[in-house]
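For reference, the structure discussed in these notes is given below.
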Amino acid sequence: MTISASVLAPPAVPTGAPARDGGAAAPTAPACAALTVVLFGVTGDLARRKLLPALTRLADGYAPVTPVRLLGVGRSEIPVDAFRAAAGLDGTGALEVDYVGGGYGDAATYERIRRRLVAARPGGGEVVVFYVATPPEAFEAIVENLGRLCDHVRGAGRQCRVLIEKPFGEDLTSARELLAHVTRSIRSDELLLVDHYLAKPEVRQLERLRIVSDRLAGRLDRSSVAHVQITIAETLGVDGRGGFYDRVGALRDVIQNHGLQLCAAVLSARRDVSGRATSWPDRRLRALEQLSVDTRPDGTHAAVRGQYGPVPGSFVRAYADESGVADGTRTETFAALRLRSSDPRWAGVPVYLRTGKRLAQAVCDIRIQLRGAADGATRPGRAEGDVIHVSIKGDPFVRMVTGGRTLDLASADPALAQDYVHIFHSATVGERGTFPDHGEMLRSWEIVEPVIREWEGGGPVAVYPAGSWGPEEAGLVMAGSHVWSRPRA
Ligand SMILES: NC(=O)c1ccc[n+]([C@@H]2O[C@H](COP(=O)([O-])OP(=O)(O)OC[C@H]3O[C@@H](n4cnc5c(N)ncnc54)[C@H](OP(=O)(O)O)[C@@H]3O)[C@@H](O)[C@H]2O)c1
């Protein structure tokens with residue numbers, strides 16, 4: 001049975017502009033005169049699938065950000081008309097499109113960008129976003145040259161932001177070094193790190209979940225929660241990118257950023273222990289500071305890694321046989337961890353986090369397993385069975401499953417902007433809460449660092465059948481009688 005929970009009086013979405021997307025809904029974000037996005041890596045996969053559609057949406061009237069101009073940057077010299085056609089941007093949309101080609105280590109490239117910025121719009125009032133969407137090896141050369149461009153943008157009375165895609169570093173040391181390097185050229189207040197999971201509408205609605213669940217199940221903390229399970233599962237393999245993936249693996253690619261951000265979003269309390277309301281980024285950072293990978297009695301970490309095997313008789317190859325992957329690779333395509341928080345409000349509540357490629361279903365799922373019943377009373381000792389279930393991928397929803405009934409706590413709000421639209425909008429209006437701050441990024445590396453080092457030192461890599469839920473050994477991270485859930489189809 002599905003019960004509408006509209007009577008639960010959903011509160012306002014607390015962080016940033018509750019940006020409206022689609023239809024006639026009036027945008028509530030502050031107006032901005034104009035936006036120019038200088039997009040490095042404009043010919044790439046991320047640009048094609050996410051960034052260009054989001055900019056098109058923004059330009060076509062999503063918010064009072066107008067006009068919106070794209071200055072794409074790539075290493076090849078391409079006539080702008082050819083670029084527009086290749087990128088599918090030669091329609092009648094409102095997005096203004098330009099293109100600059102040139103090497104990222106070549107000062108002439110940045111001089112060409114500067115001239116285009118001057119020529120496009122004399123006068124001030126504009127926000128210029130430099131968006132770095134290239135593979136990480138190009139980051140340093142680009143940011144070294146962006147410092148002068150930012151000076152120029154500011155000197156012309158415009159605002160400047162620099163957005164950098166993940167991965168930011170490959171471990172704690174390299175992330176610190178990269179941050180030091182980047183902030184030598186880029187002002188900290190103008191630097192925004194992108195983790196698009198934080199911009200997903202359902203993650204932005206997790207605050208709503210907390211308030212609603214307080215009414216239904218008592219406080220969302222150790223008094224009512226038995227454990228939390230987060231699953232970020234893909235059905236695809238490395239998709240022709242074995243050379244890139246083999247240097248990264250699931251722990252760095254997904255757990256360090258998206259996975260830990262989801263943990264922080266669930267655990268971050270609305271108020272700190274002194275009862276003061278704090279901002280969402282502050283609470284996320286605090287949650288991360290209190291989070292660590294749990295250890296087993298033998299001192300090793302409660303962490304399991306795996307690699308997908310072949311599907312016999314099908315075209316699906318084992319990870320180890322994918323092109324670009326090193327002989328004898330030990331890179332994990334699956335990782336499962338048990339984390340714990342030192343926050344007294346979450347004492348004794350394990351947080352299980354897993355991710356993998358070639359799993360049974362593509363899902364992003366948060367399951368908060370409750371101790372008590374649905375009537376608001378906490379009943380220790382009662383059989384665990386009630387669950388708050390947040391689905392972030394595919395068919396998003398926030399539900400409570402209790403005593404055989406399903407309560408829709410919050411369904412996907414179609415008026416909330418999709419992730420990359422929200423990212424561009426937040427960058428334009430200066431809503432920093434949409435982006436992990438530098439402390440969050442470094443702390444996330446600190447959390448996974450001991451596991452990186454332990455795995456470098458050896459230990460098993462379990463092979464799992466493609467299309468399964470990962471290796472059986474993933475169960476070894478569970479405490480007590482807990483078992484991994486089987487997310488819905
Ligand atoms: N793809 C995704 O779904 C996704 C999701 C989250 C984060 N990211 C991150 O976003 C960034 C871009 O991802 P992507 O998948 O779009 O990358 P990509 O397709 O491999 O590369 C983007 C563009 O960068 C240029 N490029 C490639 N190799 C380069 C190199 N060694 N040096 C300088 N430029 C190079 C190429 O453009 P030109 O040849 O035209 O210069 C390429 O079209 C990466 O940091 C990635 O980790 C991607």
Side-chain angles (χ1 to χ4, degrees), residues 37-41 44-47 50-51 104 129-147 150 160-200 203 232 241 244-265 280-281 284-285 287-289 291 331 335 353 355 419-420 422-424 426-427 431-453:
V37 176
V38 181
L39 178 49
F40 296 87
D45 177 68
L46 182 68
K50 301 283 189 174
L51 304 179
Y104 292 142
V129 167
F130 295 100
Y131 200 117
V132 185
T134 63
E137 49 268 38
F139 288 1
E140 293 199 12
I142 293 171
V143 296
E144 275 168 16
N145 287 283
L146 279 187
C150 287
C160 178
R161 325 256 193 258
V162 176
L163 271 62
I164 301 186
E165 269 290 342
K166 68 135 192 140
F168 199 88
E170 54 192 38
D171 59 13
L172 182 59
T173 304
S174 62
R176 280 195 182 123
E177 287 169 0
L178 182 58
L179 187 61
H181 182 85
V182 170
T183 50
R184 272 198 286 278
S185 309
I186 310 296
R187 275 178 23 183
S188 287
D189 63 324
E190 293 178 341
L191 175 64
L192 298 171
L193 309 179
V194 177
D195 184 330
H196 69 279
Y197 270 55
L198 272 185
K200 286 180 179 287
V203 177
I232 304 174
R241 294 161 62 95
F244 159 77
Y245 192 84
D246 208 39
R247 299 194 306 272
V248 179
L251 191 64
R252 291 178 168 94
D253 192 39
V254 177
I255 298 279
Q256 181 271 337
N257 36 72
H258 308 323
L260 290 178
Q261 282 294 347
L262 291 183
C263 292
W280 194 40
R284 291 193 317 248
L285 175 59
L288 289 170
E289 283 171 347
L291 202 60
T331 300
L353 177 57
T355 187
D419 43 13
Y420 278 98
H422 189 63
I423 283 169
F424 280 119
S426 298
E431 173 47 59
R432 296 188 67 91
T434 302
F435 304 90
D437 73 14
H438 309 169
E440 287 174 84
M441 179 276 294
L442 290 173
R443 176 60 199 155
S444 299
W445 278 120
E446 251 169 27
I447 292 171
V448 296
E449 184 83 3
V451 180
I452 292 176
R453 299 296 160 234

Is there a side-chain contact (heavy atoms from CB on, under 4.5 Å) between L46 and E165 once you walk through the steps? CA-CA 10 Å; L46 182 68; E165 269 290 342; 3.3 Å; yes

Quick one, I164 with V182, criterion side-chain contact (heavy atoms from CB on, under 4.5 Å). Give me CA distance, side-chain angles, the key distance, then yes/no. CA-CA 10 Å; I164 301 186; V182 170; 4.2 Å; yes

Begin from the C-alpha positions of V451 and L251 and carry the test side-chain contact (heavy atoms from CB on, under 4.5 Å) through to its verdict. CA-CA 9 Å; V451 180; L251 191 64; 3.9 Å; yes

Is there a side-chain contact (heavy atoms from CB on, under 4.5 Å) between S185 and L146 once you walk through the steps? CA-CA 7 Å; S185 309; L146 279 187; over 6 Å; no

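The shortest side-chain heavy-atom distance between L288 and S444 falls under the 4.5 Å cut-off. At a threshold of 4.5 Å between non-hydrogen side-chain atoms, the residues L353 and C263 count as touching.
Within the structure, every pair that satisfies the salt bridge (Lys or Arg N to Asp or Glu O under 4.0 Å) test and touches residues 244-254, not counting sequence neighbours, is listed here: K166-D253. Listed by first then second residue, pairs satisfying ring pair (Phe, Tyr, Trp, His ring centres under 6.0 Å) with a partner in residues 171-198 read H196-H258, H196-Y420, Y197-H258, not counting sequence neighbours. Listed by first and then second residue, the salt bridge (Lys or Arg N to Asp or Glu O under 4.0 Å) pairs that reach into residues 433-450 are R176-E446, R284-E440, R443-E446, E449-R453, sequence neighbours excluded.
Of all non-hydrogen atoms in C150 and V162, the two that sit nearest each other are SG-CG2, 3.8 Å. A47 and G41 make their closest contact through CB-O, 3.7 Å (heavy atoms, listed as atom of the first residue, atom of the second, distance). Between T331 and G249, the closest heavy-atom pair is CG2-CA, 3.5 Å. In terms of heavy-atom proximity, W445 sits nearest to A175 at CD1-CB, 3.3 Å. Across A265 and W280, no two heavy atoms sit closer than the pair CB-CZ2, 4.4 Å. For the pair L178 and G169, the tightest heavy-atom approach, listed with the atom from each and the gap, is CD2-N, 3.7 Å.
Residues passing the ring pair (Phe, Tyr, Trp, His ring centres under 6.0 Å) test with H438, sequence neighbours excluded: none. Remark: E190 pairs with R154, R187 by the salt bridge (Lys or Arg N to Asp or Glu O under 4.0 Å) rule, at least two apart or across chains. K50 pairs by the side-chain hydrogen bond (donor to acceptor under 3.5 Å, both in side chains) definition with nothing, not counting sequence neighbours. Among residues two or more places apart in sequence or in another chain, the ring pair (Phe, Tyr, Trp, His ring centres under 6.0 Å) test is passed with F424 by Y131. With sequence neighbours excluded, no residue forms a side-chain hydrogen bond (donor to acceptor under 3.5 Å, both in side chains) with T183. For the ring pair (Phe, Tyr, Trp, His ring centres under 6.0 Å) test, no residue two or more places apart in sequence or in another chain qualifies with F130.
Because its NZ or CZ atom is not both nearer than 6.0 Å to the ring centre of F435 and within 45° of the ring axis, R432 does not count as a cation-pi partner of that residue.
S426 OG to I423 CD1: the interatomic distance, rounded to the nearest 0.5 Å, is 7.5 Å. Between the CD1 atom of I447 and the CD atom of Q256 there is a distance of 9.0 Å, given to the nearest 0.5 Å. Interatomic distance, I232 CD1 to I255 CD1, rounded to the nearest 0.5 Å: 6.5 Å. For the atom pair CG of L442 and CG of L179, the computed distance is 5.5 Å after rounding to the nearest 0.5 Å. Rounded to the nearest 0.5 angstrom, D419 CG and T434 OG1 are separated by 11.0 Å. Taking CG of L260 as the start and CG of L291 as the end, the distance is 6.5 Å to the nearest 0.5 Å.
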Contacts under 3.5 angstrom, residues 133-142 side chains, donor-acceptor by atom type, not counting sequence neighbours:
none

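With hydrogens and angles disregarded, a donor-acceptor distance shorter than 3.5 Å links the side chain of R161 to the backbone of A427.
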